Amino acid sequence: MNIKPSLFYLQSLKLSATFYKAAPWYTRWRILLFALLGSLGTVFSLAVARSETEVPNTSSTANPVVFVTSAYAPYVINSDGMARGLFPDIVTAAFREMNQMVHFQFQPWVRGENSVKLGKVFATFPYLKNAARESEFDFSEPVLFFYPKFFYNTERFPHGFEWETLADFKRYRVGGVRGYWYEQSFKQAGIEVQYVTSDRQNIAMLLVQRIDFTLIDELVGWNLIYETAPDKIDKYAVASRPQSSDAFHLMISRNYPNAKLLRLTFDLGLAKIKQNGIYQQILDQYQVTSEYATP
């Protein structure tokens with residue numbers, strides 16, 4: 001009988017083999033233990049992510065891995081200083097599978113990136129890969145897909161709006177956030193953008209028609225609308241075509257202690273929670289459809 005090994009089992013063996021290159025001092029029994037745990041696919045119950053998650057520990061993993069992030073609901077929610085949301089919950093669950101504590105700090109995006117670069121923290125999230133970032137940071141396996149779409153005011157476009165190329169927006173007033181992933185693309189397309197410091201400002205300007213469009217991740221955009229204008233939801237709509245289809249990752253320091261091993265630990269833990277169903281439970285908790293789930 002030809003038995004096909006599970007995708008998770010194969011990934012466990014692949015990641016375990018990589019440990020030899022990342023840390024030659026790791027003994028063979030420790031690596032084989034990781035692979036064995038992966039093949040068993042042990043199921044742990046889902047717990048709500050907290051700012052610091054404690055798990056039973058008898059090894060050096062008792063020291064929490066430190067992350068920095070900023071509010072970007074529903075991916076990251078700052079609940080009175082406690083980190084909640086899709087990303088903190090997934091990160092916590094993945095490291096819990098590997099018997100590792102985590103701790104989350106909130107900082108503005110730019111300061112957080114600098115903390116990662118200097119090795120003060122292990123990683124930040126959620127981040128997209130690009131050439132400039134990959135020259136300074138490492139990245140985890142993809143955690144969640146990302147679908148940015150153009151939001152508009154239904155009174156301004158009562159019959160809806162669809163587009164083919166970014167050049168279609170050259171004749172409109174577009175609102176953006178300085179430092180976001182689309183700055184270079186907009187510049188190359190010849191779009192004149194009114195830049196502000198937050199998506200929340202652009203959502204407010206759309207409502208009063210000070211801009212015609214703003215580009216926001218669809219989950220983030222609707223979350224902001226429900227928060228800031230719950231009685232005006234019918235005034236907003238999105239063009240169906242996403243501006244891009246990419247994935248969010250952990251953006252990881254190259255100067256944090258044992259960063260390479262921790263990256264591999266997270267990747268293996270992420271594979272485990274996808275295998276045992278915890279990953280899907282987290283998506284369901286935040287009412288996120290399966291199209292956002294990475295393989």
Side-chain angles (χ1 to χ4, degrees), residues 15 18 22 49 51-53 64-78 83-95 98 100-148 176-185 197-199 215-217 219-220 243-271 273-274 279 282 292-295:
L15 290 172
T18 310
S51 181
E52 180 166 342
T53 303
V65 179
V66 183
F67 294 82
V68 66
T69 187
S70 193
Y72 195 57
Y75 295 104
V76 182
I77 300 169
N78 186 342
R84 296 177 48 250
L86 286 161
F87 249 85
D89 287 14
I90 289 170
V91 169
T92 298
F95 273 108
M98 306 305 292
Q100 174 66 62
M101 293 192 300
V102 296
H103 176 71
F104 302 113
Q105 300 174 356
F106 284 97
Q107 292 180 9
W109 294 111
V110 174
R111 181 147 55 97
E113 287 185 28
N114 192 54
S115 294
V116 176
K117 187 184 302 184
L118 295 175
K120 295 179 179 179
V121 299
F122 168 60
T124 184
F125 56 77
Y127 269 78
L128 303 173
K129 284 185 180 181
N130 62 37
R133 289 170 178 170
E134 288 186 278
S135 69
E136 295 186 286
F137 303 96
D138 292 328
F139 288 82
S140 69
E141 289 294 311
V143 179
L144 289 165
F145 282 121
F146 167 75
Y147 298 105
V177 177
R178 192 166 299 283
Y180 271 21
W181 74 94
Y182 45 65
E183 274 193 279
Q184 189 61 31
S185 297
T197 58
S198 72
D199 288 318
L215 182 61
I216 313 177
D217 172 81
L219 292 179
V220 174
Q243 178 261 342
S244 63
S245 178
D246 209 335
F248 280 136
H249 306 254
L250 301 184
M251 190 167 77
I252 298 170
S253 175
R254 291 176 179 171
N255 296 308
Y256 190 82
N258 298 320
K260 289 184 178 180
L261 289 174
L262 289 171
R263 175 175 61 82
L264 293 170
T265 299
F266 171 76
D267 287 344
L268 182 55
L270 179 63
I273 64 172
K274 288 179 177 180
Y279 178 89
I282 295 171
Y292 286 85
T294 55

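Source: prediction; values computed, not measured.
A tilted orientation is assigned to the rings of Phe266 and Phe95, their planes being inclined by 30° to 60°.
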**Message:** Show, in sequence, the C-alpha distance, side-chain angles and deciding distance for Phe125 and Phe104, and conclude whether the side chain to side chain contact (heavy atoms under 4.5 Å, CB included) test is met.
**Reply:** CA-CA 11 Å; Phe125 56 77; Phe104 302 113; 3.7 Å; yes
**Prompt:** Between Trp109 and Tyr72, does a side chain to side chain contact (heavy atoms under 4.5 Å, CB included) hold up when you go through it step by step?
**Reply:** CA-CA 10 Å; Trp109 294 111; Tyr72 195 57; 4.0 Å; yes
**Asked** Can Ser140 and Ile252 be said to form a side chain to side chain contact (heavy atoms under 4.5 Å, CB included), step by step?
**Response** CA-CA 7 Å; Ser140 69; Ile252 298 170; 4.2 Å; yes
**Message:** Please evaluate residues Leu250 and Phe87 with respect to the criterion side chain to side chain contact (heavy atoms under 4.5 Å, CB included), reporting the C-alpha separation (whole Å), side-chain torsions for both, the decisive distance (0.1 Å), and the verdict.
**Reply:** CA-CA 9 Å; Leu250 301 184; Phe87 249 85; 4.1 Å; yes
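Considering only residues two or more places apart in sequence or on other chains, Ser135 meets the side chain to side chain donor-acceptor pair (under 3.5 Å) condition with none of them. Evaluation of the ring pair (Phe, Tyr, Trp, His ring centres under 6.0 Å) rule for Phe122 yields Phe67, Tyr256 as partners, not counting sequence neighbours. Evaluation of the side chain to side chain donor-acceptor pair (under 3.5 Å) rule for Ser198 yields Gln201 as partners, not counting sequence neighbours. Here Phe146 pairs with Trp181, Phe248 under the ring pair (Phe, Tyr, Trp, His ring centres under 6.0 Å) rule; sequence neighbours left out.
With contacts defined as side-chain heavy-atom distances shorter than 4.5 Å, the pair Val121/Ser253 does not qualify. The shortest distance between side-chain heavy atoms of Leu144 and Ile90 falls below 4.5 Å. Using a 4.5 Å heavy-atom threshold, the side chains of Ser70 and Val76 count as separate. For the pair Leu86 and Tyr292, the minimum side-chain heavy-atom distance is 4.5 Å or more. Contact annotation: the side chain of Leu128 approaches that of Arg133 to within less than 4.5 Å [non-hydrogen atoms, C-beta and beyond].
Applying the salt bridge (Lys or Arg N to Asp or Glu O under 4.0 Å) test to residues at least two apart or on different chains, the pairs with a partner in residues 110-126 are Lys117-Glu136. Sorted pairs that involve residues 67-78 and meet salt bridge (Lys or Arg N to Asp or Glu O under 4.0 Å), not counting sequence neighbours, are lacking altogether.
Using modelled atom types and a 3.5 Å distance limit, the side chains of Thr265 and Gln100 yield no donor-acceptor pair.
Remark: the backbone N or O of Glu141 is paired with a side-chain donor or acceptor of Asp267 at under 3.5 angstrom.
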